[in-house]
K.L.:
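Before we start, here is the structure in question, set down as structure tokens.
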Amino acid sequence: MHPTTRSSLARAIPTAVLLAATACTDEPAPPRSAPSASSAAASASSAAPAASPRDDKDTAALHLRITLDGHPVDATLNDSATARDLAGLLPLTLHLNDFHETEKTADLPRRLSTSGTPEAAEAQPGDLAYYAPWGNLALFYRGSGSSDPGLIILGRLNGDTELLATATEATIEAAS
């Protein structure tokens with residue numbers, strides 16, 4: 001007998017014996033218990049589609065206050081690993097540079113984790129993003145016009161994005 005056939009047969013015999021033994025009993029089958037909340041949640045989460053990079057309705061989302069040249073704007077981070085890593089750096093005060101009259105960029109004190117990042121997305125006005133190849137933060141006041149695989153959407157500004165066009169400094173902190 002071929003070794004692969006032998007191992008397949010060895011796995012099949014216990015299952016066949018178990019099925020035969022349970023089929024031949026006169027006892028009623030035990031009642032099925034309802035799934036636990038954790039197993040139901042695990043089943044639901046494994047079957048659920050992946051979250052959008054802009055899905056900030058998650059209860060784990062972190063609310064921020066971004067002050068742009070003295071003007072406060074509320075923002076929300078999504079629940080990605082990269083956004084959580086940024087939250088661990090807060091509070092931050094960053095010098096903003098204009099990039100292609102589309103976004104303001106700022107250097108961070110260190111690179112952020114990019115594990116489990118969502119697929120590339122086209123930046124929209126108000127998006128707060130991390131550009132992994134350069135390791136910088138980007139705040140978009142205009143759409144980017146393309147999706148770049150290195151761009152990770154971290155969240156959204158919930159206020160006036162026009163303030164970004166002229167801003168030169170941003171202070172980012174967790175909102176209370």
Side-chain angles (χ1 to χ4, degrees), residues 37-176:
S38 61
S39 67
S43 297
S45 67
S46 64
S52 159
R54 289 183 184 79
D55 187 9
D56 57 35
K57 293 180 180 18
D58 190 330
T59 56
L62 178 67
H63 299 282
L64 303 177
R65 172 64 49 101
I66 300 178
T67 305
L68 301 166
D69 291 339
H71 303 282
V73 177
D74 291 330
T76 306
L77 287 180
N78 60 35
D79 191 32
S80 68
T82 309
R84 288 189 304 270
D85 197 17
L86 175 67
L89 294 176
L90 301 180
L92 288 170
T93 298
L94 304 168
H95 175 74
L96 301 175
N97 298 301
D98 195 76
F99 188 74
H100 291 289
E101 296 180 348
T102 302
E103 65 191 273
K104 293 294 179 156
T105 63
D107 293 327
L108 294 171
R110 65 168 172 77
R111 290 187 172 269
L112 301 178
S113 165
T114 57
S115 67
T117 58
E119 302 232 353
E122 182 179 330
Q124 303 296 317
D127 278 347
L128 175 65
Y130 178 65
Y131 189 61
W134 295 347
N136 64 12
L137 192 65
L139 298 113
F140 286 84
Y141 59 93
R142 290 198 175 92
S144 66
S146 67
S147 59
D148 186 311
L151 187 67
I152 302 166
I153 305 297
L154 303 175
R156 301 256 325 137
L157 274 74
N158 304 326
D160 186 7
T161 59
E162 291 302 314
L163 292 170
L164 282 170
T166 59
T168 59
E169 184 177 271
T171 299
I172 306 171
E173 54 197 346
S176 51

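We use all heavy atoms of the structure for the numbers below, so side chains are in, but hydrogens, waters and symmetry mates are not.
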K.L.:
Given side chain to side chain contact (heavy atoms under 4.5 Å, CB included), test Leu164 with Val73 step by step and report yes or no.
P.N.:
CA-CA 10 Å; Leu164 282 170; Val73 177; over 6 Å; no
K.L.:
Say you draw a straight line from CG of Leu163 to OG1 of Thr67; how long is it, rounded to the nearest 0.5 Å?
P.N.:
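So the gap between those two atoms works out to 11.0 Å.
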K.L.:
Taking Arg111 for the side chain and Pro133 for the main chain, is one N or O donor matched with an acceptor at less than 3.5 Å?
P.N.:
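Looks like yes, one N/O pair under 3.5 Å.
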K.L.:
Using salt bridge (Lys or Arg N to Asp or Glu O under 4.0 Å) as the criterion, list what pairs up with Arg65, not counting sequence neighbours.
P.N.:
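Testing Arg65 for salt bridge (Lys or Arg N to Asp or Glu O under 4.0 Å), a comparison that skips the adjacent residues, returns Asp74.
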K.L.:
Please list all pairs meeting salt bridge (charged side-chain N to carboxylate O under 4.0 Å, His left out) that have one or both residues in residues 160-171, counting only residues at least two apart or in different chains.
P.N.:
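Residue pairs with at least one partner in residues 160-171: there are none.
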K.L.:
Does anything in residues 84-93 form a side-chain hydrogen bond (donor to acceptor under 3.5 Å, both in side chains)? List the pairs, not counting sequence neighbours.
P.N.:
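Pairs touching residues 84-93 that pass the test: Asp79-Arg84, Asp85-Arg110, Thr93-Thr171.
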K.L.:
Mind listing the closest non-hydrogen atom pair of Ala87 and Leu62 along with its distance?
P.N.:
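Closest approach of Ala87 to Leu62, heavy atoms only: CB-CD2, 3.4 Å.
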K.L.:
Check side-chain hydrogen bond (donor to acceptor under 3.5 Å, both in side chains) between Ser113 and all other residues, then give those that pass, not counting sequence neighbours.
P.N.:
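Partners of Ser113 under the side-chain hydrogen bond (donor to acceptor under 3.5 Å, both in side chains) test: Ser115.
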K.L.:
Only counting residues at least two apart or in another chain, list the ones meeting side-chain hydrogen bond (donor to acceptor under 3.5 Å, both in side chains) with Thr114.
P.N.:
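Here no residue qualifies.
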K.L.:
Between atom OG1 of Thr105 and atom CG of Asn97, what is the distance when rounded to the nearest 0.5 Å?
P.N.:
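Going from OG1 on Thr105 over to CG on Asn97, the span is 5.0 Å.
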K.L.:
Looking at Ile66 and Ala170, what are the two nearest heavy atoms and their distance?
P.N.:
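Of all heavy-atom pairs spanning Ile66 and Ala170, the closest is CG2-CB, 4.3 Å.
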K.L.:
At their closest point, which heavy atom of Arg142 faces which heavy atom of Glu101, and how far apart are they?
P.N.:
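Looking at all heavy atoms of both residues, the shortest contact is NH1-O, 2.6 Å.
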K.L.:
What residues, two or more places apart in sequence or in another chain, satisfy side chain to side chain contact (heavy atoms under 4.5 Å, CB included) together with Pro91?
P.N.:
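Side chain to side chain contact (heavy atoms under 4.5 Å, CB included) list for Pro91, sorted by chain: Glu173.
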K.L.:
Where do Ile153 and Ala121 come nearest, in terms of heavy atoms and distance?
P.N.:
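Taking Ile153 first and Ala121 second, the nearest heavy atoms are CG1-CB, 3.9 Å.
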K.L.:
Between Leu112 and Tyr130, which heavy-atom pair has the shortest distance, and what is it?
P.N.:
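Where Leu112 meets Tyr130 most closely, the heavy atoms are N-OH, 3.0 Å.
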K.L.:
Could you tell me which residues satisfy side-chain hydrogen bond (donor to acceptor under 3.5 Å, both in side chains) with Asp69, sequence neighbours excluded, listed by chain and number?
P.N.:
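So Asp69 forms a side-chain hydrogen bond (donor to acceptor under 3.5 Å, both in side chains) with Thr168.
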K.L.:
Starting at CG of Leu64, measure out to CG of Leu77 and round the result to the nearest 0.5 Å.
P.N.:
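Interatomic distance, Leu64 CG to Leu77 CG, rounded to 0.5 Å: 4.0 Å.
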K.L.:
If you take all heavy atoms of Pro125 and Thr161, which pair is closest and at what distance?
P.N.:
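Looks like C-CG2, 4.2 Å.
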K.L.:
Return the CG to CG distance between Leu94 and Leu89, rounded to the nearest 0.5 Å.
P.N.:
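Answer for the CG-CG pair, Leu94 versus Leu89, is 9.5 Å.
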K.L.:
Please tabulate, for side-chain N and O atoms in residues 134-141, each donor-acceptor pair with protein atoms closer than 3.5 Å (sequence neighbours left out).
P.N.:
unit_1	atom_1	unit_2	atom_2	d
Tyr141	OH	Asp98	OD1	2.5
Tyr141	OH	Asp98	OD2	3.4

